[in-house]
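For reference, the structure is listed below as structure tokens.
Reminder, nothing fancy here: chain letters follow the sequence lines and each chain counts from 1.
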There are 2 protein chains.
Amino acid sequence: MPTYSDNGPDPSEQDTNLPPPEQHARQYAAVRDAHETELIEDYVELIGDLLDHAGEARATDIAARMGVRQATVARMIRRLNDQGLVTNEPYRSIFLTERGRAMAEESRKRHGVVLQFLRSLGVDDATARIDAEGMEHHVSETTLGIMHAFTRSQNKAGD
Amino acid sequence: MPTYSDNGPDPSEQDTNLPPPEQHARQYAAVRDAHETELIEDYVELIGDLLDHAGEARATDIAARMGVRQATVARMIRRLNDQGLVTNEPYRSIFLTERGRAMAEESRKRHGVVLQFLRSLGVDDATARIDAEGMEHHVSETTLGIMHAFTRSQNKAGD
DNA sequence: AAACTTTTTTAGCCAAGGCTAAACTGTGCA
DNA sequence: TGCACAGTTTAGCCTTGGCTAAAAAAGTTT
Ligand SMILES: [Mn+2]
Ligand SMILES: [Mn+2]
Ligand SMILES: [Mn+2]
Ligand SMILES: [Mn+2]
């Protein structure tokens with residue numbers, strides 16, 4: 001029977017106490033950082049998916065899948081171009097740069113790990129897809145590794 | 001050796017195929033919805049925590065823990081007041097309304113479930129806190145329930 | 001009591017990310 | 001060939017959530 005006496009703080013206390021202010025602030029700062037890159041990553045990932053599955057990435061399709069207006073997409077494409085993630089010429093389809101492809105691949109992989117993890121936890125597909133879309137940007141490398149390992153062990157057990 | 005022939009779509013295909021455009025759009029819409037309420041919830045939750053642990057919630061402390069400037073906090077407090085979540089008088093401490101208390105309690109609970117879940121997955125405390133701060137807003141009720149059940153079963157197994 | 005310090009508030013700047021409306025381009029069909 | 005329609009771009013509006021700077025109130029010290 002384990003005791004926690006000389007094993008760090010009492011775990012029941014760990015929940016009710018606030019972390020020190022600086023650590024607390026770093027938590028929120030990490031969330032703000034994630035939100036800065038989140039949309040960019042989703043656009044790049046989506047463009048990569050469209051290129052792979054539909055052969056080309058048109059603004060109309062991006063708008064339909066993002067659920068926003070074309071004007072919104074047009075401005076975002078300009079921003080992606082400014083950041084060196086896509087190449088595009090007026091009235092033509094959009095392509096990823098080398099950097100864009102790398103980001104798309106990264107995002108696709110991370111998104112997949114989170115989605116599979118939720119599925120192997122027992123979450124239904126539609127819900128898992130919704131939750132993964134938001135969660136993926138807030139999962140650290142550490143947690144991602146643990147999720148991946150968990151998924152693998154689950155799938156091994158159930159084959 | 002299992003076959004997937006009459007068992008729905010081939011699971012290996014489930015990852016590489018895009019969902020239909022309308023479903024895809026709903027995923028991103030859900031993320032946008034979550035982001036609309038996210039900050040509000042974090043403020044209300046933090047104010048509740050400060051009231052419980054420090055006895056009062058001062059703008060300075062909120063700013064320090066949020067990692068933002070006081071001017072930013074001041075404007076957010078006005079917004080919370082407009083939304084009927086807090087009461088505040090000039091140069092005095094901030095209090096939660098009935099609705100505010102309810103939201104704080106909700107958020108606190110949900111945050112706790114996600115944090116405990118990550119811990120029981122094996123994520124270290126500091127990382128779990130950072131990830132939970134962002135993930136909590138993107139976890140559906142369905143997934144939350146599954147996380148809670150998982151945590152309970154883990155803790156039962158390890159006592 | 002006066003002076004100084006801290007806290008709070010207000011005003012105004014900026015970028016991001018939604019929107020509508022209108023102009024422009026390109027394509028396909030009569 | 002010409003024209004209509006679909007797709008794209010641009011201009012300009014709005015809200016959110018950061019920021020700085022400066023004014024005003026409250027609290028503390030001498
Ligand atoms: Mn994604
Ligand atoms: Mn996403
Ligand atoms: Mn949070
Ligand atoms: Mn988020």
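Rounding to whole angstrom units, CG of residue A/Asp33 and C1' of D/dG18 are separated by 12 Å. In this entry the distance linking CZ of A/Arg69 with C1' of D/dT9 reads 16 Å, nearest Å. Rounded to whole angstrom, the span from the CG atom of B/Leu80 across to the P atom of D/dG17 amounts to 10 Å. Rounded to whole Å, the distance from CE on B/Met66 to C1' on C/dT8 is 18 Å. Atom C1' of nucleotide C/dT9 and atom CD1 of B/Ile77 are separated by 12 Å, given to the nearest angstrom. In this structure, A/Glu41 places its CD atom 12 Å from P of C/dG17, rounding to the nearest Å. Rounding to whole angstrom units, CD of residue B/Glu89 and P of D/dA26 are separated by 12 Å. Atom-to-atom, CD of B/Gln83 to C1' of D/dT15 comes out at 12 Å; the value is rounded to the nearest Å.
If you run side chain to side chain donor-acceptor pair (under 3.5 Å) between B/Arg108 and each of B/Glu105, B/His111, B/Glu106, only B/Glu105 comes through. Of the residues A/Thr87, A/Val86, A/Leu80, A/Leu50, the one that meets the side chain to side chain contact (heavy atoms under 4.5 Å, CB included) test with A/Ile94 is A/Val86. A side chain to side chain contact (heavy atoms under 4.5 Å, CB included) with B/Gln27 holds for exactly one of A/Ile130, A/Asp131, A/Asp42; it is A/Ile130.
OP1 and OP2 of D/dG17 both lie 4.0 Å or more from every side-chain N or O belonging to A/Arg32. Side-chain N/O atoms of B/Thr60 include one lying less than 4.0 angstrom from OP1 or OP2 on C/dT8. Residue A/Arg58 places at least one side-chain N or O closer than 4.0 Å to OP1 or OP2 of D/dT8.
Contacts of B/Arg78 with the nucleic acid, taken as non-hydrogen atoms under 4.0 Å apart, involve only primed sugar atoms and P, OP1 or OP2. Within the 4.0 angstrom heavy-atom criterion, only backbone atoms of the sugar-phosphate kind lie near B/Ala59; the bases stay farther away. Contacts of B/Thr72 with the nucleic acid, taken as non-hydrogen atoms under 4.0 Å apart, include base atoms. Note on A/Arg75: a base of the nucleic acid sits closer than 4.0 angstrom, heavy atoms only.
DNA chain C is contacted by both A/Arg79 and A/Pro90; A/Arg79 maps to the nucleotide lying nearer its 5′ end (nearest heavy atom per residue). With the nearest nucleotide of DNA chain C identified for both A/Glu36 and A/Tyr91, A/Glu36 has the one nearer the 5' end. Nearest-nucleotide positions on DNA chain D for B/Gly67 and A/Gln70 put A/Gln70 closer to the 5' end.
Side-chain atoms of A/Val68 lie closest to C/dC19 of the nucleotides D/dC19, C/dC19, D/dA25. The listed nucleotides are D/dT8, C/dG18, D/dT10; the one nearest the side chain of A/Ala74 is D/dT10. Nearest nucleotide to the side chain of A/Ala71, out of C/dT8, C/dT20, D/dC19: C/dT20.
For the atom pair CG (B/Leu121) and CZ (A/Phe117), the distance works out to 4.5 Å, reported to the nearest 0.5 Å.
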Q.
A/His35 vs A/His138, test: ring-ring contact (aromatic ring centres under 6.0 Å, His included). Steps then yes/no.
A. CA-CA 9 Å; A/His35 284 168; A/His138 300 286; 4.9 Å; yes
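Looking at B/Arg99, its side chain does come within 3.5 Å of a backbone N or O of B/Gln83 through a donor-acceptor pair.
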